[in-house]
Amino acid sequence: MKPSRILVTAALPYANGPIHIGHLVEYIQTDIWVRFQKLRGQRCIYICADDTHGTAIMISAKKRGVTEEEFIEAMHVEHQRDFAAFEIEFDHYGSTNSLENRELCEEFWTAVNDAGLVTEKAVEQLYDPIARTPLADRFVRGKCPVCQAEEQYGDHCESCLSTYTPVELIDPRSVLSGAPTELRTHPHKFIQLEKLHDFLEGWTQNEDHLQPEVANYLRGHFLGEAGNPENPRKELMDWDVTRPPEYFGFEIPDFPGNYWYVWFDAPIGYVAATKQWCHQHGEKLENWWRDPATKIHHFIGKDITYFHALFWPGMLKTAGFNLPEKVHIHGFLTVDGTKMSKSKGTFVKASTYLNHLDPAYMRYYYSTKLGARLDDLDLNLDEFVNKVNSDLVGKVVNLASRTARFATDTGLSGMYPEDGGLFATGVEIGDEIAAAYEMCDYNRAMRLIMDLADRANPYVEAQAPWNLRKDPAQADRLQDVCTVALNLFRQIAVYLAPVLPRLARQTGELLSEPIQSWDQAKQPLLGTPVQPFQHMLQRLEKKDVEAMINESKEMEEGPTSTFQDSNAPLQEEPLCEEISFDDVMKVDLRVARVVQAEDVPDARKLLKLTLSLGGDERRTVFAGIKAAADPEQLVGRLVVLAANLAPRKMKFGISEGMILAAGPGGKDVFILGVDDGAQPGQRVH
RNA sequence: GGGCCUGUAGCUCAGCGGUUAGAGCAGGGGACUCAUAAUCCCUUGGUCGGGGGUUCGAAUCCCUCCGGGCCUACCA
């Protein structure tokens, strides 16, 4: 049975940066699904908005010397421009910083309070006294309490992989101002998700609301299972949903001076944006969010599974809104097999892409790669060029391009000619294609469609319209052959319409009837004029892809040096805030000799070093250089030791300092040495 | 350490208990000339990661090992 309404959302992009090709996977995937539903005659709307709150936005605005509102407004314009250029067609694109969202947040808040889900607890958090803001973990950097690695984030150490709280961090500093942080205690409100445990277990594990692997993940990771000794029922953690000032967001009415955490108001933004759309279209929000006849589909990336599969359904349930019919979760984009990288030029912004390439290429390529699973998706640049050219230009558009001009004078025949069952096969396969779209199995849909094109081209080859044209007596045959070829082409264009809306428009113009419905693929088009053929899609040139990648590479700066050093290290770890001479002098660096070096068998990264500062002065230091250094080769070497570092208890013993080294870690650690003549114990000035 | 996913032709993948394992692209040979050097025909190529098991029968189910990815690591 057809649902009477389908409401589709894509995750709200954060208004802190431009749209890039990784984002586009999701918005294109969702757009295709929505266009497919609409083509099938469903009542379907595509709702999205900018996610505008939080510390990061506040900081970005400050950096540019504008208000948060100005900042997010500029981003709002930019995002919409990029999406439109990629033919991503939202029915409404709102903002979480809206009146509607504030009101709905209050409504949800009242509901969770009334349901007894809210509790208050004191939270210790690091605070930046200069920027006057509490600091999320990623805004704090300091020394890892476990391995002493410098410049680690507040919650985990990238060097030794240990985790901790920002409070444990040694010498924590704010990333914002560089100031040493203060520890402050502030009341926060929490939502006790555990009280919804039974509901969430039911919702996540039944009725295909989630992909099976996602349901497994949630069961294994958060929910556990009653009666399963391997994976006993786990308690869901309380969710901290408020933030003390300063914070850019909505102030909480019954908790003055506090703000809802951005993740509280962001998903509510789905509802708020729908509400705005309703106002503009004379619709009732009740019909779209509180009517079981409306099916809600969320499309998200796997990174935000938790919020959408546990937290959000819990909120909706509590506040009496529709639960999602399905949360479709996709993987991440890699380029040529690796993470997108600014230095490699594979971190391509939507606007950069548009400077060089046709969005249709990307819509099609992603379609050939997207399935219903949450697997990562690789953009292989060679394959990209290849596939677009051979499939779209060589096979599909070529069908029209090689026959349309023979039919321009006559138009299409009045009766559909014998075609050996080709069109009928296309009708039959159409159901399979539709099923594949419905299940988000776009790569299967594309394969089926290309298979149709692979059947159509041999037909043209066999009928050889270019020969028929030479004989005036064969004029009718010629018209019939072109009628078949162009109808097969049009059938394909209908099936591709969700992916390639422009091609569908062009096909409509060529054959004098717009493509508006999936069912148009079931009936041949007859007797209409054929317009003069115009190119529908340019071939994709490898050099354009290369130009795009080059433009995406971050520029090297400064005077040209004879040493062609990459800018990557600075990109990955930017310079810190300026500090004073006194600050520098606080660190007592000493020359030390490694007198003993041994492997720590249980540690993944650590070596235990005994250092001599001359005489009897010895220090034990655990250094995260196991992968990079051979203990035997270290013995006797002079190194530089941060000698007045507070001792730190680690799993394997007490570390009494740290040795200086450069490099990203792992195998690439380069220990600082000292020129010949230095003596252990000498200070480094 | 745990969890999830994954390993099929040079590449990207389909097949997920049943005839000699498939497609597209790439490679090789030929044809055609309408078309954006597109198209068409033929063709090379795989002991389906290794090993064990269940079965009349396994790429397909189970176990185990190896490799890859992602997520976590007593705050998601």
Side-chain angles (χ1 to χ4, degrees), chain A residues 121 123-125 136-137 154-156 161-168 188 190 193 211-222 224 230-231 234-240 263 301-311 331-332 334 336-339 365 368-369 371 373-380 382-407 441 443-444 446-448 450-451 453-470 478 481-482 485 533-541 602 604:
Chain A
K121 296 188 236 180
V123 171
E124 279 192 333
Q125 200 175 14
D137 295 351
D155 56 346
H156 71 280
L161 301 180
S162 50
T163 55
Y164 38 80
T165 70
V167 176
E168 295 174 70
H188 284 230
F190 289 74
L193 261 195
Q211 288 122 302
E213 59 269 43
V214 177
N216 288 344
Y217 158 71
L218 295 172
R219 193 174 61 237
H221 231 270
F222 296 103
E230 298 271 305
N231 178 31
K234 296 179 172 64
E235 230 176 72
L236 292 165
M237 247 125 21
D238 292 347
W239 235 75
D240 183 355
W263 262 111
K302 64 184 181 183
D303 51 328
I304 53 177
T305 299
Y306 172 85
F307 301 98
H308 285 80
L310 292 175
F311 183 63
F332 295 146
T334 56
D336 283 342
T338 53
K339 273 189 190 170
Y365 183 79
T368 67
K369 302 293 256 187
R373 308 277 212 95
L374 81 178
D375 302 331
D376 286 349
L377 173 163
D378 186 47
L379 167 58
N380 179 292
D382 288 328
E383 188 197 25
F384 176 50
V385 174
N386 216 312
K387 205 161 214 166
V388 166
N389 286 338
S390 88
D391 289 358
L392 293 184
V393 180
K395 288 178 186 173
V396 175
V397 174
N398 189 231
L399 275 172
S401 150
R402 67 194 309 203
T403 56
R405 66 196 64 202
F406 300 145
D441 209 352
N443 72 64
R444 177 171 161 77
M446 295 308 108
R447 241 179 299 122
L448 290 166
M450 285 314 133
D451 194 46
D454 279 337
R455 293 165 199 248
N457 272 307
Y459 170 85
V460 177
E461 200 76 16
Q463 301 301 319
W466 50 94
N467 288 335
L468 297 175
R469 185 186 51 158
K470 293 172 187 162
L478 177 62
V481 166
C482 293
F533 181 80
Q534 294 174 339
H535 265 29
M536 293 177 163
L537 194 69
Q538 295 302 317
R539 294 180 66 74
L540 202 180
E541 302 288 343
D602 291 339
R604 288 171 62 159

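Chain letters run A, B, ... following the sequence lines, proteins first, then strands; residues in each count from 1.
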Which atom pairs link the protein and nucleotides 68-71 of chain B when you take only N or O atoms and keep those under 3.5 Å?
unit_1, atom_1, unit_2, atom_2, d
B:C70, O2', A:Lys302, NZ, 2.9

Quick check on RNA chain B: between A:Arg455 and A:Gln538, whose nearest nucleotide comes earlier from the 5' end? A:Gln538

Which whole number of Å gives the distance between the P atom of B:U43 and that of B:A23? 11 Å

Indicate the atoms forming the closest heavy-atom contact of A:Leu540 with A:Asn389, along with that distance. N-OD1, 2.7 Å

Contact class for A:Trp239 vs. all strands (heavy atom < 4.0 Å): base, sugar-phosphate, or nothing? sugar-phosphate

For the side chain of A:Lys369, counting heavy atoms from C-beta on, which of B:U33, B:U12, B:U36 is nearest? B:U12

Taking the P atom of each, how far is B:C65 from B:G2, in whole Å? 11 Å

Provide the distance between the two C1' atoms, one in B:G68 and one in B:G49, to the nearest whole Å. 11 Å

Is it true that atom CD of A:Gln534 has more than 12 heavy atoms of other residues, nucleotides or ligands lying nearer than 6.0 Å? no

Residue met sooner reading RNA chain B from 5', once A:Pro465 and A:Asn380 are mapped to nucleotides: A:Asn380

Measuring from atom CG of A:Leu310 to atom CG of A:Leu218, what distance do you get when rounded to the nearest 0.5 angstrom? 5.0 Å

Rounded at 0.5 Å granularity, tell me how far NZ in A:Lys387 sits from CE in A:Met450. 10.0 Å

How is A:Met450 classified with respect to the nucleic acid when contacts are heavy atoms under 4.0 Å: base, sugar-phosphate, or nothing? nothing

Options B:C34, B:A26, B:U36, nucleotide nearest the side-chain atoms of A:Asn386: B:A26

Restricting to ring-ring contact (aromatic ring centres under 6.0 Å, His included), what partner residues turn up for A:Phe406, sequence neighbours left out? none

Figure out the CG/P separation between A:Asn389 and B:A26, and round it to whole Å. 10 Å

Heavy atoms of A:Asp441 and A:Gly371 approach each other most closely as OD1-CA, 3.9 Å

For the ring pair A:Phe311 and A:Trp239, is the centre-to-centre distance below 6.0 Å? yes

With the threshold set at 4.0 Å, does a side-chain nitrogen-carboxylate oxygen contact exist between A:Arg455 and A:Asp451? yes

Could you tell me how far apart A:Asp382 (CG) and B:G27 (P) are, to the nearest whole angstrom? 12 Å

With rounding to whole Å, what would you report as the distance between B:A26 and B:U39 at their P atoms? 8 Å

Closest to the side chain of A:Leu537, out of B:U36, B:A35, B:A26, is B:U36

Could you tell me how far B:U60 sits from B:U54 if I compare only their P atoms? Round to whole Å. 15 Å

In Å and rounded to the nearest 0.5 Å, what is the CG to OH distance from A:Leu399 to A:Tyr459? 11.5 Å

For the pair made of CG in A:Asp303 and C1' in B:U72, what is the distance, rounded to whole Å? 14 Å

Minimum heavy-atom separation for A:Asp238 to A:Lys121, with atom names? OD2-NZ, 3.0 Å

Heavy-atom pair with the smallest gap, counting every atom of A:Asn457 and A:Gly394: ND2-O, 4.3 Å

If I take atom CZ in residue A:Phe406 and atom P in nucleotide B:U33, what distance separates them, rounded to the nearest angstrom? 12 Å

Which value, in whole Å, describes the distance between the C1' atoms of nucleotides B:G45 and B:G29? 15 Å

Rounded to the nearest 0.5 Å, what separation is found between the OH atom of A:Tyr306 and the CD1 atom of A:Ile304? 13.5 Å

Taking only the C1' atom of each, what is the distance from B:U47 to B:U8 in whole angstrom? 12 Å

A:Phe190 versus A:Val123, closest heavy-atom pair with distance: CZ-CG2, 3.7 Å

Should stems be defined as at least three consecutive Watson-Crick or G-U pairs with both distances under 3.5 angstrom, which of them involve RNA chain B? B:1-7 with B:66-72, B:10-13 with B:22-25, B:27-31 with B:39-43, B:49-53 with B:61-65

At under 4.0 Å between heavy atoms, what does A:Pro458 touch on the DNA or RNA strands: base, sugar-phosphate, or nothing? sugar-phosphate

What distance, rounded to whole Å, do you find between the two P atoms, one in B:C16 and one in B:G22? 14 Å

Base, sugar-phosphate, or nothing for A:Phe533, non-hydrogen atoms under 4.0 angstrom? nothing

Kindly state which residues belonging to residues 390-398 of chain A come within less than 4.0 angstrom of RNA chain B, counting heavy atoms of the residue only, listed by number. A:Ser390, A:Val393, A:Gly394, A:Lys395, A:Val397, A:Asn398

For residues 388-398 of chain A, which residue pairs qualify under salt bridge (Lys or Arg N to Asp or Glu O under 4.0 Å), counting only residues two or more places apart or in two chains? A:Asp391-A:Lys395, A:Lys395-A:Asp454

What's A:Phe311 touching, base or sugar-phosphate or nothing? Going by heavy atoms closer than 4.0 Å. nothing

Can you give me the closest heavy-atom contact between A:Met536 and A:Val397, atom names plus distance? CB-CG1, 4.1 Å

Rounded to the nearest 0.5 angstrom, the CG-OG1 distance for A:Leu478 and A:Thr403 is 9.5 Å

So which protein N/O to nucleotides 21-23 of chain B N/O distances come out below 3.5 Å?
none

